[in-house]
Amino acid sequence: MSRRDMYHEQVKAALIQEGWKVTHDPLIFKSEPELSTDLGAERPIAAQRGQEKIAVEVKSFLQMSQVSELEKAMGQYELYRWLLQDNEPDRELYLAVPTHAYEGIFSKPVGKMVMAKLRMKLIVYSVSGEGELQWIQTQ
């Protein structure tokens, strides 16, 4: 079992505040070795569409090099996305990153390139737990 990131509880609380029901903490994949994302959540959407399901990998970006953190996050994001495609194809993967990481690396050209190439979806959160989550997707 992986260690939780520092801001795991802030992200979980913010999701609940936005109407999500946290269904898994962690969301464990059927894999060998056993892997998991930090959270699984569902939210009712228009009655005809049923439930919107997400998996969330929380990253704190606390190391000195945001590039190194980005490289690690890229690998996890891609691996978990592949596992979701096999295990729960109706669930979308999001990488939750703090505002300082979004502004520091993801809004820079290299971060934008990574998001576009990996079709990465982000949830940007405040480390203070204040404010709404920002949901960012590349086209």
- Give the cluster check for Y94 versus Y77: same hydrophobic cluster or not, with ILVMFWY residues linked at side-chain heavy-atom distances below 4.5 Å. no
- Query: Do the charged groups of K21 and E42 touch, with an N to O distance under 4.0 Å?
  - Reply: no
- Message: Contact between V22 and H24 at the side-chain level, heavy atoms closer than 4.5 Å - yes or no?
- Response: no
- Task: Tell me whether V124 is reachable from V11 by hopping between hydrophobic residues (I, L, V, M, F, W, Y) whose side-chain heavy atoms are closer than 4.5 Å.
- Result: no
- More than 12 foreign heavy atoms under 6.0 Å from CD of E18: is that the case here? yes
- Query: Does some side-chain heavy atom of L27 sit less than 4.5 Å from a side-chain heavy atom of E88?
  - Reply: yes
- Is there a donor-acceptor pair closer than 3.5 Å between any side-chain N or O of T138 and the backbone N or O of R119? no
- With a cut-off of 6.0 Å (strictly less than), are more than 12 heavy atoms of other residues, nucleotides or ligands near CD of E9? yes
- Is there a side-chain contact between V56 and K12, using heavy atoms and a 4.5 Å cut-off? no
- Task: Anything under 30° is parallel, anything over 60° is perpendicular, the rest tilted; go ahead and classify F29 against Y80.
- Result: tilted
- Query: Should L118 and V110 be counted in the same cluster of Ile, Leu, Val, Met, Phe, Trp and Tyr side chains packed under 4.5 Å apart?
  - Reply: yes
- Same cluster or not: are V97 and I123 linked, directly or through other Ile, Leu, Val, Met, Phe, Trp or Tyr residues, by side-chain heavy atoms under 4.5 angstrom apart? no
- State plainly whether one hydrophobic cluster holds both V58 and L62, where clusters connect Ile, Leu, Val, Met, Phe, Trp and Tyr through side-chain heavy atoms under 4.5 angstrom apart. yes
- Message: Applying the side chain to side chain contact (heavy atoms under 4.5 Å, CB included) criterion to L95, which one of K59, Q76, R81 satisfies it?
- Response: K59
- Task: For the residue pair I136 and M115, establish whether any side-chain heavy-atom pair is separated by less than 4.5 Å.
- Result: yes
- Point-to-point distance, once rounded to the nearest 0.5 Å, from CE of M120 to CG of L70: 6.5 Å
- Side-chain heavy atoms of V127 within contact of T99, under 4.5 Å: no
- Query: Are any non-hydrogen side-chain atoms of T23 and R91 less than 4.5 angstrom apart?
  - Reply: yes
- Aromatic plane relationship, F61 with F106 - under 30° parallel, 30 to 60° tilted, over 60° perpendicular: perpendicular
